[in-house]
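These values consider heavy atoms only, across backbone and side chains, with no hydrogens, waters or symmetry-generated copies. Because the structure is a prediction, the values reported are computed rather than measured.
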Amino acid sequence: MEKALLAIFLEGVFIKNFLIIQFLGLCSFVGVTKDVKSAAGMAGAVVFVMALAATASYMIYTYILVPTTMTFLDLISFIVVIAALVQLVEFVVRKNIPALYRSLGIYLPLITTNCAVLGVVMLNVQSEYNFIQSVVFGISAGIGFTIVMLMMSAIRERSSFVRTPSSIKGLPLAFLIATMLSLAFVNYFWVIPI
Amino acid sequence: MSTTTTFLIESMAILGGLGLAVGLMLIFASKKFKVETNPLVEEIISVLPGVNCGACGYAGCSDFAERVVNENAPITGCPVGGFDVAKEIGGIMGQEVAEGEKQYPFIKCHGGLNCVDRFEYVGFEDCKAVMMLSDGEKGCSYGCMGRGTCVRACPFDALYIGDDRLPQVNKYLCTSCGLCITSCPNDVLAFAKESEKIHVRCVSHDKGKAVKEVCTVGCIGCKICEKNCPEQAITVTDFLAVIDQDKCTACGICVEKCPQNTIEAR
């Protein structure tokens, strides 16, 4: 069944939002959202890596694993490919665009083992997307990630001015915020089908 | 050969081949895209504290290391690492360093609970916010507001607000980075060396009467200390006593004579 690209895009950004509906990549969600600047840097790196990972894993899956009927090896080979790919990108960026490396490079190693990136490529395989659909889903998942990261970090920045009981200061408060955000997202994009 | 064995060998071959190909590609890439860096930079980074606080004035520890090697930034530039780190950097760069005395932030206000509140403040718990509301709730517009802007500025948890509503410094945690001093909106904090024993704990330039109305320990500019100091180390300008630490011998006469107990020995 062919799905419209727009539907896939919206699905990636909102309905299947990785952070708040699928709960993937939560490590960076609570770890890097202390201020907007680093959250934006991390999110930019994730968009980039997700798009690349979707491309590369599609190639590996269709041209190596399917012809040899070794599709059960998808998970482990994707891990290898993504990790190597991120490393390669880091080398290239460091050599050619030092300015970008400084703002984005420190987040790249964090992403190599990010389960959200692995989630994108696994979902691509499960949904049997073709090449263009896979890439679109990868990019849209990254954009969804970005939106939630920015929202979360902005709220956390603001909430540092609020008087909170010392028992919930810091991470507990972050989880409370995440709960509210998640509730809003689930009600809006999941319970009410669009 | 049974099908299971073939299957096993095939899957091992594919995964192994994939791993090998990826590994070779990475080796090639790391050669091809190698960035030439001065090995001294890496060495200096490894001896720096690595907290990236920016107290040296550069964008983080790696930037500081690069400037030291390439642009002759001072090797004593890292206030956090202090003398130990400066010595190690000196060893790497082949330079000698003289030991400087450690200095800590000092709170030049003893107001706190001794200072009258003009109104009750409810709002953001931050000195800068308090100050925006007609110069703060304290009767004295010069003093410490005790809302902990410096405490939050400290990346090392070396400051805390004590029972007297004034910030206290934990010398074992303090690294003399000076971030608290720059964060204070009222300039109440300043560096003081360990050997400097006598301090005026007031920054108010108000006239004596005005100070007495709001604060029981503020400097009223009575000049008793100036007259009694055997070394002429104290001068009173604009109703505030200032100690010249170079001349001060820590005899303690001023501490005894001060009618407001503003001058303190520690």
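For OH of Y63(A), the number of neighbouring non-hydrogen atoms (other residues, nucleotides, ligands) closer than 6.0 Å is 12 at most. Heavy-atom neighbours of E128(A) CD from other residues, nucleotides or ligands within 6.0 Å: at or below the threshold of 12. The number of heavy atoms from other shown groups lying within 6.0 Å of CD1 (I76(A)) does not exceed 12. Residue-environment remark: CD1 (I132(A)) stays at or below the threshold of 12 foreign heavy atoms within 6.0 Å. Annotation for F161(A): atom CZ does not count as buried by contact number, only 12 or fewer foreign heavy atoms lying within 6.0 Å.
Heavy-atom pairs under 4.5 Å with chain A were tallied for V22(B), L18(B), D126(B), L26(B); the largest tally goes to L26(B).
No part of L85(A) comes within reach of chain B, as not one of its non-hydrogen atoms sits under 4.5 angstrom from that chain.
Nearest heavy-atom pair, G19(B) versus V80(A), reported as atom, atom and distance to 0.1 Å: CA-CG1, 4.5 Å. Nearest approach of T68(A) to E10(B), heavy atoms of both residues: O-OE1, 4.3 Å.
The CD1 atom of I60(A) lies 10.5 Å from the CD1 atom of I14(B); values are rounded to the nearest 0.5 Å. One distance of note links CE of M25(B) with CG of L88(A); it measures 4.5 Å at 0.5 Å rounding.
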